[in-house]
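Structure, as structure tokens:
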Amino acid sequence: MKDMSLRKRYVPFPNNRKLVPKRCTIFIIKSFLIAICLVASIYLISNVHLFNKYASSAAGVTNKLAVENISKEEEKTNISHILFGIGGSSKTWNNRSRYSELWWRPNVTRGFVWLDENPQENEPWPETFPPYRVSEDTSTFKYTCWFGDRSAVRIARILKESFEIGLSNVRWFVMGDDDTVFFTENLVTVLAKYDHNQMYYIGGISESVEINVLSSYSQAFGGGGIAISYPLAEELVKILDGCINRYHYLYASDQKIASCVTEIGVSLTKEPGFHQMDIQGSPGGLLAAHPVAPLVSLHHLDVYLLHPLIPSMSRLESVKKVIEAYNKDPSRTMQHSLCYDLKRNWSLSVSWGYSVQLYPWLMNARELEMPMQTFKTWKGSKGPFTFSTQPNNVEPCKRPIEYYLDQVVDLQNDETLTSYSTIAGINKQCENQNYKPALAVHMVNVTTTILPPKVWSQAPRRQCCDVINDEDGIRSNLHIRIRGCNRGEMITPPFYDKYGEFAYFQRFVR
């Protein structure tokens, strides 16, 4: 009986009248729910157009903001984002301004030359000069370096005074001297590799070990140029004055800047294209073997210890000649290429836009890449340097034949022709028979395509070159073609008995 009562309670039999009210209730509830769903559906359908309209509008605003943000993020660093601070003085500027005029571009480059006092009022300030500012008085600052000059304090504060001017849209502060020449397009290429929203301290060290020992291997030398990102400058100016006083015993302005940057905890990012040029004598050997990096700056161009870039020219004219090539192809300027003339067993080293060296014997790539020591250290010793060098042999038969830039010509299809000629007196005669055909070459013509700046955002690789042997050509001219190296291509000469007794001797002279 108990089981039967449970069954009657839970199983809806049609003949059971007591269950009918319950079924009606369920039916009413279901109908009510269906009605609600129907009304909601009609409401949604009737307003779907309105929802789409609002959704489209919101999406449009979002997309617009996204595009604006992307465009801001994708705006690459350009020359307008750099503020130059050039250290000068009223005594040196009249002469050294000639070098600033070579690279300064009115209404394009931004910055100032900072002088110790106002220039003479009766002489108008040329528009081709960077605008000038007079540095603040630094007589209250402490300076105790007995062999130095107090101007180091004033020059060190150029960053602070430049920052406090408050110019807009500045990403980088770049400082240099009044005898520094900047190759601005290459400078932009280098700085564009780095996130300007981070704290960066960029530059190069001295070429002479003795100067780095005196100063520091971890400092950017001011003459070669110092690049400081805005966020680092923002922090640096807060401590700079007190920091300069803390390092009162340091000799130079760039030493003081480096010490203050160290207190913030930022390390030097070295770029090989910044050249302090702390050397005496001819820079030919150094620049003929330029590292695989954009040429950014050259310093000490007006110092008597450093010879003109090109022999037989004045200091200024030789720099103008190099800039003539730079204006045609900035990225390729002084880029090093190696090639061989296997028909005559010659080795050739090309520094585009500067010089060509012809060795009348075969040399391996390691020797060709190494700078020939045509110079001494800044203090006049024979070394060491912060890079490897090979001896500059006095004997004529152990020296290459040198050619220097003569002219640059534009060709079709974004190509250039550069010509390099011998200079009287620099190539001494050699009686060796191997030298005679080489001495007959008085000009080297080099053709190549313009090198796009984007190559410097890739892994650096020296470009290859070929010697074009024209049977009907003039023996006094040599034609070289520079090109990108092919996959798997190597600069390897065939070192075996074929290259002869003279070349074999050359391998062991050192």
Side-chain angles (χ1 to χ4, degrees), residues 72-88 97 99-114 127-133 155-204 220-237 253-254 257 261 266 268-276 293-299 323 326-327 330-331 333 453-454 456-457:
K72 289 180 180 178
E73 291 175 358
E74 290 182 347
E75 184 183 9
K76 293 185 178 180
T77 296
N78 58 59
I79 192 64
S80 69
H81 296 130
I82 300 174
L83 187 66
F84 290 95
I86 305 167
S97 61
Y99 295 96
S100 293
E101 279 186 300
L102 295 178
W103 64 270
W104 186 262
R105 297 165 59 191
N107 302 319
V108 176
T109 43
R110 296 201 296 168
F112 307 93
V113 54
W114 293 85
E127 294 182 358
T128 55
F129 287 2
Y132 75 89
R133 293 271 178 140
I155 300 300
R157 296 189 75 254
I158 285 178
L159 173 67
K160 179 179 175 67
E161 294 187 45
S162 297
F163 184 90
E164 290 176 345
I165 293 174
L167 297 182
S168 62
N169 203 27
V170 176
R171 296 181 179 181
W172 296 93
F173 295 87
V174 174
M175 288 155 287
D177 288 353
D178 52 5
D179 61 341
T180 301
V181 167
F182 285 104
F183 298 84
T184 53
E185 291 193 40
N186 291 339
L187 173 63
V188 169
T189 298
V190 168
L191 296 183
K193 296 190 304 181
Y194 300 97
D195 182 0
H196 62 275
N197 295 306
Q198 305 298 320
M199 290 194 289
Y200 276 106
Y201 168 55
I202 302 174
F221 279 71
I226 303 173
I228 293 179
S229 63
Y230 189 94
L232 177 56
E234 191 173 29
E235 295 301 315
L236 194 55
V237 298
S253 60
D254 46 12
I257 291 290
V261 170
V266 176
L268 172 65
T269 299
K270 296 178 182 178
E271 279 287 344
F274 289 81
H275 295 288
Q276 175 71 7
L295 172 65
V296 175
S297 65
L298 293 173
H299 180 226
I323 290 179
Y326 161 79
N327 288 333
S331 296
T333 304
K454 67 180 181 181
W456 299 118
S457 62

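Here the structure is a predicted model, which is why all the values come from computation and not from measurement.
- When every heavy atom of A293 is checked against every heavy atom of G273, the shortest pair comes out as CB-N, 4.4 Å.
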Under 3.5 Å, which donor-acceptor pairs do the side chains of residues 185-192 form with other protein atoms, sequence neighbours left out?
residue: N186; atom: ND2; partner: L295; partner atom: O; Å: 2.9
residue: N186; atom: ND2; partner: P330; partner atom: O; Å: 3.0
residue: T189; atom: OG1; partner: E185; partner atom: O; Å: 3.0

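- In terms of the side-chain contact (heavy atoms from CB on, under 4.5 Å) criterion, residue partners of S162 (sequence neighbours excluded) are, by chain and number, L83, W114, I158, F173.
- To the nearest 0.5 angstrom, T77 atom OG1 is 7.5 Å from I82 atom CD1.
- Without hydrogens or angle criteria, H275 side chain to L298 main chain gives no donor-acceptor distance under 3.5 Å.
- P131 has its side chain within reach of F112: a pair of non-hydrogen atoms, C-beta onward, lies under 4.5 Å apart.
- Residues satisfying the side-chain hydrogen bond (donor to acceptor under 3.5 Å, both in side chains) criterion with N197, sequence neighbours excluded, are D195.
- Listed here is the closest heavy atom pair of F129 and S97: CZ-OG, 3.3 Å.
- Expressed to the nearest 0.5 Å, how far NE2 of H81 lies from NE2 of H196 amounts to 7.0 Å.
- In this view, N78 and S80 satisfy the side-chain hydrogen bond (donor to acceptor under 3.5 Å, both in side chains) rule, not counting sequence neighbours.
- Taking OG of S253 as the start and CZ of R157 as the end, the distance is 13.0 Å to the nearest 0.5 Å.
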Quick one: do V181 and I323 satisfy side-chain contact (heavy atoms from CB on, under 4.5 Å)? Show the steps, please. CA-CA 10 Å; V181 167; I323 290 179; 4.2 Å; yes
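- Between F163 and Y230, the ring planes are tilted. Angles from 30° to 60° get that label.
- Contact record, S229 with Q198: OG-O, 2.6 Å, taken as the closest heavy-atom pair.
- Contact annotation: the side chain of W456 approaches that of S331 to within less than 4.5 Å [non-hydrogen atoms, C-beta and beyond].
- Looking at M175 and L159, their side chains come closer than 4.5 Å, going by heavy atoms from C-beta outward.
- Between A220 and Y201 the shortest heavy-atom distance is N-OH, 2.9 Å.
- E127 meets the side-chain hydrogen bond (donor to acceptor under 3.5 Å, both in side chains) test with no other residue; sequence neighbours excluded.
- A pairwise comparison of heavy atoms in K76 and R171 identifies C-NH1, 3.6 Å as the closest pair.
- Counting only distance, with no hydrogens or angles, the side chain of D254 and the backbone of G222 share a donor-acceptor pair below 3.5 Å.
- With rounding to the nearest 0.5 Å, the separation of OG1 in T180 from CD1 in I86 is 8.5 Å.
- Atom CD1 of I202 and atom CD1 of I226 lie 12.0 Å apart (nearest 0.5 Å).
- At least one side-chain heavy atom of I257 sits less than 4.5 Å from a side-chain heavy atom of I228.
- Counting heavy atoms from C-beta on, the side chains of V113 and F84 never come closer than 4.5 Å.
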Stepwise, does the ring pair (Phe, Tyr, Trp, His ring centres under 6.0 Å) test hold for W103 with Y326? CA-CA 11 Å; W103 64 270; Y326 161 79; over 10 Å; no
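- With sequence neighbours excluded, no residue forms a salt bridge (charged side-chain N to carboxylate O under 4.0 Å, His left out) with K270.
- S168 contributes atom OG, which lies 6.0 Å from atom CZ of R110 (distance to the nearest 0.5 angstrom).
- Checking side-chain atoms of S297 against main-chain N and O of G224 turns up a donor-acceptor pair under 3.5 Å.
- Across T128 and E101, no two heavy atoms sit closer than the pair OG1-OE2, 2.5 Å.
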